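Reading through the structure tokens given below for one structure.
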Amino acid sequence: MTTVEPIDAINYPAARGGCPFAPPPAYQEALEQRPVTPVSLWDGSRAWLVTRHEDVRSVMGDRRFSADARHPGFPFLSDGRRELAAQNPSFIRMDDPEHARFRRMLTGDFIIKRVEALRPEIQRIVDDFLDRMTAHHPPADLVAEFALPVPSLVICRLLGVPYQDHDYFQERSRILLHNHSTTEQVRQARDELALYVMELADRKEWEPDDRIISRLVARGDLTREQVATMSLLLLVAGHETTANMTALSTLALLRDPVQLARLREDPTLIKGAVEEMLRFLSIVQTGTVRVAVETAEIGGTTIEPGEGVVCMLSTANRDGAVFAAPDELDLGRDARRHVAFGFGVHQCLGQPLARLELQIALETLIRRLPELRLAVPVEELRFRTDTVVYGVEELPVAW
Amino acid sequence: MRVSVDPDRCCSSGQCVMAVPEVFDQSEDDGVVLLIQARPPAELQSAVRTAAGICPGRAISVQE
Ligand code: HEM
């Protein structure tokens with residue numbers, strides 16, 4: 001390894017720059033100049049920021065890096081997130097073999113064939129919300145009327161959660177994902193959500209159905225708390241992510257008329273286009289976090305046990321060593337090597353569903369609304385910078 | 001080309017099935033990879049290499 005210039009740790013999370021789609025300039029600089037960089041967290045503690053595609057895949061695929069937040073040194077984004085990790089962690093915060101045991105209870109529900117079989121139902125849901133949105137005069141907020149309700153209704157159906165309760169758990173899951181939520185807020189939101197799902201699980205005991213929560217209850221080898229934790233992970237991960245991807249992808253297309261025209265002319269591009277959007281937007285803006293449990297060398301830097309690591313998915317997805325002209329949105333490129341869903345054993349469980357929802361939602365939106373446009377100047381949009389999942393707060397559109 | 005899979009490393013991401021459905025399938029129970037053919041014909045080989053490259057569990061090995 002070459003000599004290391006002593007440099008100051010950059011702050012994590014760092015502020016975004018002028019382009020709403022680009023990662024924070026400080027992370028981009030790290031990718032170019034010092035791909036494994038010390039960062040300073042909110043409480044002054046340190047961690048390593050890993051920015052290159054190859055290094056991110058190495059960390060995420062290596063058992064010497066643990067996802068278990070009960071290990072000392074695990075990097076937390078906030079006090080609230082520390083609180084969340086301390087009790088009843090879900091399998092996203094466990095290591096194998098414990099992690100695999102729980103994950104494999106759900107993988108059968110997310111195989112390609114089974115998800116593909118949902119296509120007609122998801123298409124109906126998409127058409128239905130679009131009908132409702134266009135039944136009134138423009139403008140409409142695409143987030144509230146389309147991008148959020150579609151994945152929310154889909155995940156509710158899969159889990160067997162009554163959709164009419166969506167306001168209740170959407171409000172609380174927002175608190176869980178917000179960087180500035182206090183410990184008390186997080187604790188309360190988490191407890192209320194857990195209670196909600198546990199009551200639901202109790203009802204499934206007497207009125208079983210063929211949906212996920214009911215089947216987890218029927219297994220008989222899980223406690224109520226375990227059923228609730230797994231269900232909540234799916235509920236929270238299942239709608240915030242896809243919702244923000246839908247709205248932000250729409251904005252990216254509206255800001256890039258050449259790419260939008262290309263997709264309109266050739267709708268068969270949609271699958272690849274969604275991969276490219278996932279790469280380009282990399283909405284899990286905090287990256288993924290791990291802690292070293294053994295000494296490991298990553299990109300020439302030695303990481304010691306107890307040191308935290310932040311894998312920056314957005315910079316890995318703009319690593320010029322893997323993607324040519326990485327800062328360009330190019331719907332025709334093969335972007336499948338992106339790490340927007342993570343990498344390794346924790347790679348997104350819901351990815352086949354997210355892909356299908358995004359393909360159907362975006363294809364239908366641009367096909368049915370050929371005049372779709374922003375209803376406000378782009379400068380007036382408010383972006384969701386202080387949360388785990390990046391997005392736009394509202395997206396007023398006309399058609 | 002000879003393909004082999006390690007079910008213990010499989011994370012059921014489904015990416016191999018999307019890349020080459022002629023070569024990879026998933027178990028209905030837990031989504032774990034099933035190999036349909038270990039010696040894919042020439043026209044599928046580049047897609048198989050892609051599948052091996054994106055597999056999050058590095059569960060696919062390819063011998064040329
Ligand atoms: C575009 C949409 C989505 C994105 C960008 C996304 C991203 C991610 C990422 C980066 C991880 C890895 C976290 C880590 O390694 O620490 C992950 C894990 C996970 N995601 Fe997603 N996700 C999306 C949609 C979904 C959906 C729709 C569901 C549920 C139906 C879901 C359920 C999960 C679960 C359960 C995990 C934990 C997997 C494990 O630990 O084994 N995600 N997701």
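The chains referred to below are lettered A, B, ... by the order of the sequence lines, with proteins before strands, and numbering in each begins at 1. The analysis underlying the following values was restricted to heavy atoms, covering all of them including side chains, and did not include hydrogens, waters or symmetry mates. Fair warning: this is a prediction, and the values are worked out from it, not measured in the lab.
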*Side chain, backbone, both or neither: which part of A:R355 has an atom under 4.5 Å from a heavy atom of chain B?*
side chain
*Is any residue of residues 99-111 of chain A within less than 4.5 Å of chain B by heavy atoms, and which ones?*
A:R103, A:R104, A:T107, A:G108, A:I111
*If you look at every heavy atom in B:E28 and A:K113, which pair is closest and at what distance?*
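Between these two residues, the closest heavy atoms are OE2-NZ, 3.4 Å.
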*Begin with the C-alpha distance, continue with both residues' side-chain angles, and end with the deciding distance and a verdict on side chain to side chain contact (heavy atoms under 4.5 Å, CB included) for A:Q347 and B:C11.*
CA-CA 8 Å; A:Q347 197 187 51; B:C11 327; 5.7 Å; no
*A:E116 vs B:M18 side-chain heavy atoms within contact, under 4.5 Å*: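 Heavy-atom side-chain distance check fails, nothing below 4.5 Å.
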*asked:* Looking only at heavy atoms and a cut-off of under 4.5 Å, which of A:R57, A:M60, A:H346, A:H338 has the most pairs with chain B?
replied: A:R57
*Sort by residue number and list every member of residues 40-47 of chain B having a non-hydrogen atom under 4.5 Å from chain A.*
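Listed by number, there are no contacting residues, so the answer is none.
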_So, taking the atom named CZ in A:R114 and the one named CD in B:Q26, what distance separates them when rounded to the nearest 0.5 Å?_
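Output value for this atom pair is 9.5 Å.
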*So how far is it from B:C55 SG to A:F343 CZ, rounded to the nearest 0.5 Å?*
7.0 Å
*Between B:D30, B:T50, B:V17, B:I54, the one whose heavy-atom pairs under 4.5 Å with chain A are most numerous*: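 Heavy-atom pairs under 4.5 Å are most numerous for B:D30.
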*asked:* If you count heavy atoms of other groups shown closer than 6.0 angstrom to CD of A:E328, is the number above 12?
replied: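 At most 12 heavy atoms, drawn from other residues, nucleotides or ligands, come within 6.0 Å of this atom.
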*Does a sphere of radius 6.0 Å around CD in A:E297 hold more than 12 heavy atoms from other residues, nucleotides or ligands, not counting ones at 6.0 Å or beyond?*
yes
